[in-house]
Structure formats: structure tokens, C-alpha cells
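Reading through the C-alpha cells given below for one structure.
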Amino acid sequence: MSARSRYGILTPSSESGESVEQAKPATRLQAARLAFGWSQSRLIVALERTAAALGVPIQGRPALKVSISRWENSRTEPSEIYQRLFRIVYKMSDAELGFDAPAPIDTALTFPASWRDGVTHASTLWAEDACGDIVSAAFTPSGFAPPVLRWLLGERDTPQRTRGMPIGPPHIDAIRQMTGSMRAIDNQYGGGYARRSVVRYLHHEVTPLLRDARFDTRLGSQLFSAAAEMTQLAGWMTYDTGNHGLAQRYLIDALRMAHTAGDRALGAEILAAMSHQCTYLGLGGDGVDLALAAGRTAARAGVSALVAEAAVLEAHGQANQGDERTCTAALGRAERALDQADRSADPCFISYFDEAYLSAKFGHCFRELGKPRQTKRFALRSLDMDEGYVRGKMFNLALLATAHAQAGEVDEACAVGAQALTIAVDLQSDRAVGYINNLRRHLASHGSAPAVQHFESRAMLAIS
């Protein structure tokens, strides 16, 4: 099989006498096969082997070849059994293979002009999501740019309403306590575990306060800050479950509410989340731009931990693009900023950002740059962490395992990978699956090793 490049592109090389198409693929499913350089016959062999390992009956070769042609040209969609087989064979997600294509969504990517329009926009999103009217939504790479520009340059419109039901600090405290509880669940069990609960809370409890309550400017700013933080959490959970377009919409609405609140620190954290998502999706350039916006906002807010976070996210985006020099400079700035931080005055939402988290981000940068020795060094440091961050520990173990795989240390990679897999099976996190699949791809060239075969069989059954 041909080697995968940094950007997931393979040079096709047929493994049989059958020719491999060179035209533009009709579907993502066809693109996956062509990226591996496989003919349909070679794919069928892989499907048969995988089905046999799982004990799943499939069609005979002639019928299966006809079905593959139909699936690859969008005439029909594979059944759930075949979708599972494709996920295992290609080591890709449903989104990467084009299954469950994004449904249209009425709630557009926009940064409303007024705080009242912002409430209407966000509450519509929450209502549609809570009622199950949004299955998924398309991620737009350029979609963050206009809202971020308005965040940086737009004048704040302070919220105030003289009519409606009276509210007080207990209403706001309840939102913040709910956000804190849900954030702890997210860290321990993954975004999919409580995402629906957060969305329903936004719809049923927060919408009436934003839409109908009476508040002065001070109380209104606090209300919008609390709502923005919970909306950011909903976006983060949605990102963790792999619904990137919907997550993008939540993050933009959160940024709009933070703007209404005048909460620069929270705005910096939301911009950092946008950067994190873009780089995760391989959009390093967008990740860098958003990290720079986060850094500028964090500096204006005077929160050094947020400055450090923005710098390390900038470094990750640069590493994703292969720019080692600029990446290294940004890592240095991140380290210095965290050293200077007075953590006693930090907002609670940045409490996760500590030495272990910074080490993990350093490790991710060096993994992107193909430097396994440095990756291992920082991945090991990252494991000296708060045990409450179960999902984060799984990520860090997978990072360490991938570094071993990059270094050709196959047995070590599989041993550490097994620890990560044990945690991953109990998480509701698409990113956790992505980390395991990334490790599997790094181990694929050592597929004949017994340790790799054992790990692959476990991973196949556990997360595919």
C-alpha cells in the first residue's frame, strides 16, 4: 500500500491487474478507495476478511461488486453492517466516508447586529436542536471569519430590558452551577454523554431569561456571560461528538453573547475553541488566525493563562502546516506566559489549562512535525495530570502510543495504546475514536507484528 502523506493523500498504486480510476471521485466513499490505490476487487478482499473476523455474513463477490459501484456513485447507501465494515477497513469516520450527509439547517452562520437578534438566533438553534430537528450541519471553513472580525472591531451593545419577569443573581448562579456540573461530566465521560441535557437546559431554562426577563445593564451582562459560557460548552460537546458544523454554530452564538456581556476573557476562550476545532480538522492556517485573535483578546483581558493557551494553539496550527520555526517560537511564548500567570484570579473555565495540558499540546505539535523523541518526552509529562480529566488522559495515552509507533517501537505503542483503548470504550467521544484510529494508521505498516494484530482486533471490535 502506498504511504499516506501529512494531508492524508496517497499515491494510487493498483494491487491487481484491474485499473484504478483517476477521474475525480463521485463520492467520499469512492475517494477513500482511490486514496488507498485499491481496485474494487482488492476492496472486496478486505471486506471479506473483516467480515469473517467479525462473524458477519456478506454478499458474494459478483453481487458485492455491483453494490459497491452503486454505493460509490450515490445510487444507494450502504446498510449499517456495510458502513461498519467500511469504517474498519478504511479506518475512517462516517463523516470522512460520506455517511449521514449533513442535513440543511435554517440557522445560518452569522453574528447578529443587535443583542436582541442574537437572542433570537441562539434560541432558534437551541429549540431546533432540543427538538431533534437538526441531525447535522455542514462545517464552513471560512464561517468563523466574519464573526471574529465583528468581535474584534464591533461596538458593544449593552443589554437592558425594562419589562418582563424580574430576575436576580440566583438565576445566573444556577446557570453557572449547571455549566460547571456538565463540564465535569464532559471531561469524565465525553461530549456525547450529557450534550442533550445542556441543549435542553439552554432551550427550556436560559431562553426565557434572555428573551423575557427584566434586567439592568449590570445584571444583563452577567446573564449573557453565563449563557455564553454554557453555549460554548454545548459547542465543545458537539465538536467532541464529531458534528462540526453544528458545533461551529454554537461557538459563534457563544461569541456573540460574550460580546454582549463585554466578557473579553470568555471571548478569548471561545476563540481558542474555534482554533482548536479548525486545527483538529486539518485547517492549520485557520487555526493560526483564530489563535492570534484569541491571543489579542486574552492580552486585552489581562489573563496570562489565556495568552499561553492562545500561543500554544497558534503553535499547533503552525505545526499542522509544517512550519517548525514559527511553531517553536510560539511554544516558547506559551511557556513564558504560563510561567508569569497568576492563577488565583483566573476565570473558572480556564482552570484545566495547567502544566500537564501545556505538555500535551507541546507533544501534539511535535507529533505533527514528525519528531517522536520530543513527542514522547512531552506526552509522558502530560500524564502527570488531574485524574478527573478522563478523556484528556485517554488523549495523552494515545499521543504517547503514537509517538512510540512513529519511532518504530511497536510493542510499546501497542501496550500504551491498549491503555488508551480501555478508556476510550467508555467514552462518548468521536475525538477519542479519532485518536485510536490515528494510532491504528501509524501501526498499519507493522501489521504483521503479533502485538499489532492483537491491538487491531481489539480496536476493531471495540470502536468500529
Side-chain angles (χ1 to χ4, degrees), residues 93-95 178-199 229-244 246-247 250-251 269-270 272-281 287 309 312-313 316 348-365 367-368 375 378-403 416-440 455 458-459 462-464:
S93 66
D94 283 346
M178 181 67 169
T179 301
S181 297
M182 293 296 102
R183 196 182 300 281
I185 291 173
D186 171 60
N187 286 323
Q188 187 165 1
Y189 301 108
Y193 195 85
R195 195 192 84 85
R196 302 299 301 174
S197 297
V198 174
V199 172
E229 187 177 347
M230 179 171 273
T231 304
Q232 189 268 345
L233 175 60
W236 186 259
M237 288 175 154
T238 307
Y239 159 37
D240 191 50
T241 59
N243 196 335
H244 294 288
L246 186 55
Y250 271 98
L251 293 176
E269 177 70 1
I270 295 166
M274 293 175 173
S275 172
H276 197 293
Q277 183 185 23
C278 282
T279 299
Y280 178 81
L281 292 173
E309 180 186 31
V312 81
L313 287 169
H316 196 182
C348 61
F349 54 75
I350 190 63
S351 60
Y352 68 89
F353 191 84
D354 56 12
E355 293 287 347
Y357 190 94
L358 185 68
S359 294
K361 296 305 292 182
F362 271 55
H364 281 83
C365 290
R367 182 196 66 183
E368 296 272 7
T375 304
F378 287 104
L380 284 168
R381 285 188 186 180
S382 74
L383 293 171
D384 184 16
M385 61 186 298
D386 186 330
E387 291 297 321
Y389 296 104
V390 176
R391 180 183 54 201
K393 183 176 182 179
M394 181 265 147
F395 291 166
N396 296 349
L397 285 167
L399 175 67
L400 177 59
T402 302
V416 177
Q419 297 177 53
L421 182 61
T422 299
I423 299 174
V425 295
D426 292 327
L427 296 173
Q428 294 186 27
S429 168
D430 185 79
R431 286 192 296 152
V433 174
Y435 271 78
I436 294 296
N437 283 339
N438 183 54
L439 172 59
R440 292 167 72 190
F455 177 78
R458 279 195 61 198
I463 66 171
S464 299

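Owing to the predicted nature of the structure, the values given are computational and were not obtained by experimental measurement. All values below come from the heavy atoms of this structure, side chains included, with hydrogens, waters and symmetry mates left out.
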Residues forming a side-chain contact (heavy atoms from CB on, under 4.5 Å) with A420, sequence neighbours excluded: M394, L397, A398, I436

Count the heavy atoms belonging to other residues, nucleotides or ligands that lie under 6.0 Å from CG of D384, then report whether that count exceeds 12. no

Inter-residue atom distance D186.CG - T241.OG1, 0.5 Å rounding: 10.0 Å

Residues that Y435 engages under ring-ring contact (aromatic ring centres under 6.0 Å, His included), provided they are two or more places apart: H364, F395

By the salt bridge (Lys or Arg N to Asp or Glu O under 4.0 Å) test, which pairs, at least two apart or in different chains, include something from residues 349-359? none

Under the side chain to side chain donor-acceptor pair (under 3.5 Å) rule, collect the residues that match up with T238, sequence neighbours excluded. R195

Mind checking side chain to side chain donor-acceptor pair (under 3.5 Å) for Y193 and listing every partner two or more places apart, or none if nothing turns up? none

Return the NE2 to NZ distance between H316 and K361, rounded to the nearest 0.5 Å. 5.0 Å

According to side-chain contact (heavy atoms from CB on, under 4.5 Å), who are the partners of N187, at least two apart in sequence or on a separate chain? R183, Y389, R391

Do H276 and W236 have side chains that get closer than 4.5 Å, going by heavy atoms? yes

For Q277, enumerate each residue passing the side chain to side chain donor-acceptor pair (under 3.5 Å) test, keeping only those at least two apart in sequence or located in another chain. H244

Look at the rings of Y357 and F353 and say which category their plane angle falls in: under 30° parallel, 30 to 60° tilted, over 60° perpendicular. tilted

Could you walk me through whether V312 and L358 pass the side chain to side chain contact (heavy atoms under 4.5 Å, CB included) check? CA-CA 7 Å; V312 81; L358 185 68; 3.9 Å; yes

So which heavy atom on L251 is nearest to which on M274, and how close? O-CE, 3.6 Å

Just wondering, are more than 12 heavy atoms of other shown residues or ligands nearer than 6.0 Å to OH in Y352? yes

Are T231 and I270 close enough, and set up right, to give a side chain to side chain contact (heavy atoms under 4.5 Å, CB included), and what steps lead you there? CA-CA 10 Å; T231 304; I270 295 166; over 6 Å; no

Nearest heavy-atom pair of G392 and M385: which atoms, and what distance? C-CE, 3.8 Å

Which heavy atom of T402 sits nearest to which heavy atom of R367, and what is that distance? CG2-CD, 4.0 Å

Measure the shortest side-chain to side-chain distance between E309 and E269 over non-hydrogen atoms and say whether it is less than 4.5 angstrom. yes

If you take all heavy atoms of N396 and A360, which pair is closest and at what distance? OD1-CB, 3.4 Å

Partners of F349 by ring-ring contact (aromatic ring centres under 6.0 Å, His included), sequence neighbours excluded? none

side-chain contact (heavy atoms from CB on, under 4.5 Å) with R381: which residues, sequence neighbours excluded? S359, R377, F378

Can you pull the salt bridge (Lys or Arg N to Asp or Glu O under 4.0 Å) pairs that have at least one residue in residues 422-432, sequence neighbours excluded? D240-R431

Drop me the distance from I185's CD1 to M237's CE, to the nearest 0.5 angstrom. 7.0 Å

For T422 against V425, the heavy-atom pair lying closest together: O-CG2, 3.1 Å

Applying side chain to side chain contact (heavy atoms under 4.5 Å, CB included) to F455 and L439, what does each step give before you reach the verdict? CA-CA 10 Å; F455 177 78; L439 172 59; 3.7 Å; yes

To check you understand the geometry: which heavy-atom pair defines the closest contact between S429 and G190, and what is its length? CB-CA, 4.4 Å

